[in-house]
Number of protein chains: 2
Amino acid sequence: MPPKPKTALQRQQIRTAILNAARDLFVERGVEAATMREVARRMNFSATAIYLHFKDKETLIRELCTTDFLTLAHELRAIETIADPIERLRLLGMGYVQFAITHPNHYRLMFMSPQIVHDTDSSSTEPDNPEQDAYASLYSMVVDAHAANLFRAELINPELIAQTLWAGLHGICALEITMKNDKCIAWCDLTERVALMQGALMRGLLRNHGTTTQIR
Amino acid sequence: MPPKPKTALQRQQIRTAILNAARDLFVERGVEAATMREVARRMNFSATAIYLHFKDKETLIRELCTTDFLTLAHELRAIETIADPIERLRLLGMGYVQFAITHPNHYRLMFMSPQIVHDTDSSSTEPDNPEQDAYASLYSMVVDAHAANLFRAELINPELIAQTLWAGLHGICALEITMKNDKCIAWCDLTERVALMQGALMRGLLRNHGTTTQIR
DNA sequence: AGTTTATGTTGACACTGTTAACTTAACATC
DNA sequence: GATGTTAAGTTAACAGTGTCAACATAAACT
């Protein structure tokens with residue numbers, strides 16, 4: 001294994017190769033299956049070579065999730081073009097749930113694991129974290145709907161509304177990921193649960209709680 | 001350390017002593033801080049002595065959570081005496097959230113960690129698991145309310161309603177536990193979030209969506 | 001007294017993440 | 001061209017972890 005000085009591009013290629021190798025293990029069997037040593041093994045590296053490219057396992061996995069979540073955020077960008085604020089919110093929620101269900105390990109690590117303290121001043125070069133990104137787009141949609149006077153009069157704080165909508169969908173995703181195989185509970189169909197959550201929350205939050213927003 | 005044959009009572013005392021020692025570490029610094037070796041150290045046991053009383057770490061911690069959750073379930077029993085089904089549901093939700101926030105590590109392990117497959121036939125002697133217990137009491141309350149014709153006409157499945165209510169509150173608890181220190185998000189007051197979630201879901205699910213159920 | 005048995009302890013195995021010290025090949029400079 | 005510098009990678013090691021197998025011991029039973 002001859003060491004040659006690598007150009008910046010080559011170095012980046014190795015980084016993404018490591019990320020891909022780690023992802024294979026990660027998406028399939030979770031964080032603790034994605035061993036640093038196993039990743040190195042698959043790269044034909046020695047166990048410690050990974051540390052030349054990533055500070056530690058934490059940052060490796062975290063960076064992996066970050067990039068994947070950012071691609072999601074960009075995919076969901078198309079939804080922002082939809083005119084009707086309510087329909088926009090509904091579709092955003094659907095996309096969110098869909099991602100959580102198809103990438104449970106990513107979701108678990110981003111939203112269901114103890115967070116890094118995320119000190120403000122640290123390495124300075126990570127201004128856009130995906131969770132903020134996702135929440136920000138939800139929030140902006142809520143602000144739009146609020147500006148259009150669509151919410152009930154008492155609801156004066158868009159932030160509170162956004163956090164409630166998020167919590168509702170997160171609850172469904174989290175329970176599905178964690179307990180879908182729990183035989184003690186007769187789980188209803190996932191899409192039914194999502195539809196009812198969205199329908200009920202909308203009906204509970206919106207001003208004209210009548211015919212337009214229908215609970216299926 | 002002289003080994004004497006222990007009576008069943010003594011054996012049970014040792015078990016609970018181990019559980020208590022483990023709980024100290026667990027509630028304070030989480031699962032991975034509750035090391036088998038550290039528990040043994042605090043008991044003045046050798047590292048492997050714990051395994052004479054518990055099959056492995058998994059079952060130790062799981063049993064710890066189970067008992068604590070069951071005591072919660074019994075505390076919440078008082079709520080069942082409340083006459084108004086809606087108020088009953090509301091208080092149950094409040095108690096649930098309160099427990100989750102004051103025992104975040106318990107909650108995390110019970111509802112936010114990959115579940116054991118919980119094969120039906122195993123050791124046979126664990127019929128009442130607390131998550132089923134909690135869900136069962138929620139479900140029975142929903143059934144009552146449903147029998148009293150309080151829900152909207154379209155909502156014919158109490159199970160679906162119960163799971164939606166659970167998911168809503170679980171979402172709040174889970175986000176609070178995982179991300180309360182995330183500075184990227186301007187979290188609203190927790191009790192406000194709970195109140196809005198309960199109010200909105202109730203308004204969205206109940207039949208008379210008018211003056212009685214007020215969103216604060 | 002001698003045997004059995006529950007209750008422990010010691011030592012070990014196979015892992016993990018991670019750091020320190022060493023090796024090697026490619027480049028820049030005198 | 002010989003020399004040094006340095007990035008890239010290796011091996012060895014440390015301090016942990018959960019857990020099992022083999023051994024020890026003291027009480028109880030026959």
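Letters A, B, ... mirror the listed sequences (proteins, then strands); counts begin at 1.
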From [atom1] of [X] over to [atom2] of [N], roughly how many Å is that when rounded to an integer?
{"X": "Lys55(B)", "N": "dG18(D)", "atom1": "NZ", "atom2": "P", "answer": "14 Å"}
{"X": "Arg15(B)", "N": "dG8(C)", "atom1": "CZ", "atom2": "P", "answer": "14 Å"}
{"X": "Glu32(B)", "N": "dT17(D)", "atom1": "CD", "atom2": "P", "answer": "12 Å"}
{"X": "Arg37(B)", "N": "dC13(C)", "atom1": "CZ", "atom2": "C1'", "answer": "11 Å"}
{"X": "Leu52(B)", "N": "dA21(D)", "atom1": "CG", "atom2": "C1'", "answer": "13 Å"}
{"X": "Phe45(B)", "N": "dT10(C)", "atom1": "CZ", "atom2": "P", "answer": "13 Å"}
{"X": "Glu38(B)", "N": "dA15(D)", "atom1": "CD", "atom2": "C1'", "answer": "15 Å"}
{"X": "Arg41(A)", "N": "dA14(C)", "atom1": "CZ", "atom2": "C1'", "answer": "12 Å"}

Checklist line | Out of dT18(C), dT16(C), dT17(D), whichever nucleotide has its closest atom nearest the side chain of Thr35(A) | finding: dT16(C)
Next item on the list: Tell me what Ser46(A) touches on the nucleic acid: a base, only sugar-phosphate, or nothing, going by heavy atoms under 4.0 Å.
Entry: base
Notebook entry, point to check: Can a donor-acceptor pair be found between the side chains of Thr59(B) and Asp56(B) at a distance below 3.5 Å?
Noted result: yes
So, is [X] near the phosphate of [N], with a side-chain N or O under 4.0 Å from OP1 or OP2?
{"X": "Arg11(B)", "N": "dA6(C)", "result": "no"}
{"X": "Thr48(A)", "N": "dT18(C)", "result": "no"}
{"X": "His53(A)", "N": "dG9(D)", "result": "yes"}

Note to self: Tell me whether Arg62(B) contacts the main-chain N or O of Leu109(B) through its side chain, where contact means a donor paired with an acceptor under 3.5 Å.
What the structure shows: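 It does hold such a pair.
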Note to self: Assess the residue pair Cys188(B) and Asn157(A) against the criterion (side chain to side chain contact (heavy atoms under 4.5 Å, CB included)); give the C-alpha distance rounded to whole Å, side-chain angles, the decisive distance to 0.1 Å, and a yes or no.
What the structure shows: CA-CA 9 Å; Cys188(B) 300; Asn157(A) 186 358; 3.7 Å; yes
Margin query: Parallel, tilted or perpendicular, judged at 30° and 60°: which one describes the rings of His170(B) and His170(A)?
Written below: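 Parallel, since the angle between the ring planes stays under 30°.
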